[in-house]
Amino acid sequence: MERTLILIKPNAIQRGIMGDIVTRFERKGLRIAGLKMMFLTDEILAEHYAHLVQRPFYPYLKASMQAGPVVACCLEGAEAVETVRQMVGVTNSRKALPGTIRGDFSMSGEQNVVHASDSVENAIIEINRFFKEGELFDYECAVTHFEYGGEETLKYFGK
Ligand code: UDP
Ligand code: MG
């Protein structure tokens with residue numbers, strides 16, 4: 001089953017909307033495979049945002065990501081990477097559609113509430129960056145057969 005990584009950013013935690021964000025993913029039917037709070041070091045941030053370290057706004061981005069702890073969450077489901085990116089919305093929250101997390105909870109292009117992996121390959125790299133062995137959980141959920149159809153169950157769960 002496909003997995004993806006989200007980070008609930010410090011601005012969301014400060015604003016007290018961490019639960020609302022987790023609830024959205026739960027309600028959608030994505031399974032939480034791992035969840036933890038952590039402070040991001042300079043090293044992990046520079047690695048995570050390697051595509052942006054040379055950009056003029058990086059110092060602001062860095063400060064915003066180190067303003068408090070983040071919550072790292074590994075979500076699991078059929079086509080989880082694409083589904084979660086759709087739910088999160090585009091980077092600039094002012095342009096993000098209503099109904100998306102950024103569209104509903106933020107006015108900012110920087111303080112945009114949540115990070116989500118942008119491809120299946122990056123999701124694997126990011127999950128390994130934020131979670132150690134033993135911090136991710138495989139468990140049966142009784143409602144899976146009510147969340148996915150028969151053909152989907154066979155395709156995505158192989159049973
Ligand atoms: N960011 C910013 N200004 C920009 C572009 C990005 O402050 O012009 C920040 C923003 O917090 C964004 C993060 O850098 O979420 C990572 O940028 P990316 O382009 O990877 O966007 P995302 O994948 O988060 O939508
Ligand atoms: Mg990105």
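We count ligands from 1, going down the list as the structure has it; atoms in each ligand are counted the same way.
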- Starting from atom 14 (O) of ligand 1, locate the nearest protein heavy atom and write down its residue, its atom name and how far away it is, to 0.1 Å. L61 CD2, 3.3 Å
- Query: Does a side-chain heavy-atom distance below 4.5 Å link R24 with R27?
  - Reply: no
- Beyond-backbone contact of I17 with I21, side-chain heavy atoms, under 4.5 angstrom: yes
- Item | R55 N/O under 3.5 Å from ligand 1 N/O | no
- Query: Given that the side chain starts at C-beta and the backbone is N, CA, C, O, which of these parts of Y49 lies under 4.0 Å from ligand 1, counting heavy atoms, or is it both or neither?
  - Reply: side chain
- Item | Residue and atom name of the nearest protein heavy atom (relative to atom 19 (O) of ligand 1), distance in Å to one decimal | H51 NE2, 4.2 Å
- SB check E126 R3 (cutoff 4.0 Å): no
- Kindly confirm or rule out an N or O of Q111 lying under 3.5 angstrom from an N or O of ligand 1. no
- Task: Taking atom NZ of K36 as the centre, report whether more than 12 heavy atoms of other residues, nucleotides or ligands fall under 6.0 Å from it.
- Result: yes
- Before signing off on this row, confirm whether R102 and ligand 1 have an N or O atom pair separated by under 3.5 Å. yes
- Task: Give the residue and atom name of whichever protein heavy atom lies nearest to atom 21 (O) of ligand 1, and the separation in Å to one decimal.
- Result: T91 OG1, 3.2 Å
- Atoms in ligand 1 with a heavy atom of L52 nearer than 4.0 Å: 14 (O), 16 (C), 17 (O)
- Query: Roughly how far, to the nearest 0.5 Å, is CG of N11 from CG of N112?
  - Reply: 7.0 Å
- Item | Note, I44 side chain near F130 side chain (heavy atom, < 4.5 Å) | yes
- Message: How far is atom 23 (O) of ligand 1 from the closest protein heavy atom, and which atom is that?
- Response: R85 NH1, 2.9 Å
- Task: Write out the residue and atom name of the closest protein heavy atom to atom 11 (O) of ligand 1, then the distance separating them to 0.1 Å.
- Result: E110 O, 2.8 Å
- Which option out of S64, S106, G109 puts a heavy atom nearest to atom 10 (C) of ligand 1? G109
- Query: Checking K62 against Y49: charged group under 6.0 Å from the ring centre and within 45 degrees of the axis?
  - Reply: no
- Message: Among all protein heavy atoms in this structure, tell me which lies nearest to atom 8 (O) of ligand 1, with the distance rounded to 0.1 Å.
- Response: F57 CE2, 3.5 Å
List the atom pairs, donor and acceptor, that lie under 3.5 Å between side-chain atoms in residues 77-88 and the rest of the protein, sequence neighbours left out.
unit_1	atom_1	unit_2	atom_2	d
E79	OE2	Y156	OH	2.6
T83	OG1	E79	O	2.8
R85	NH1	A116	O	3.0

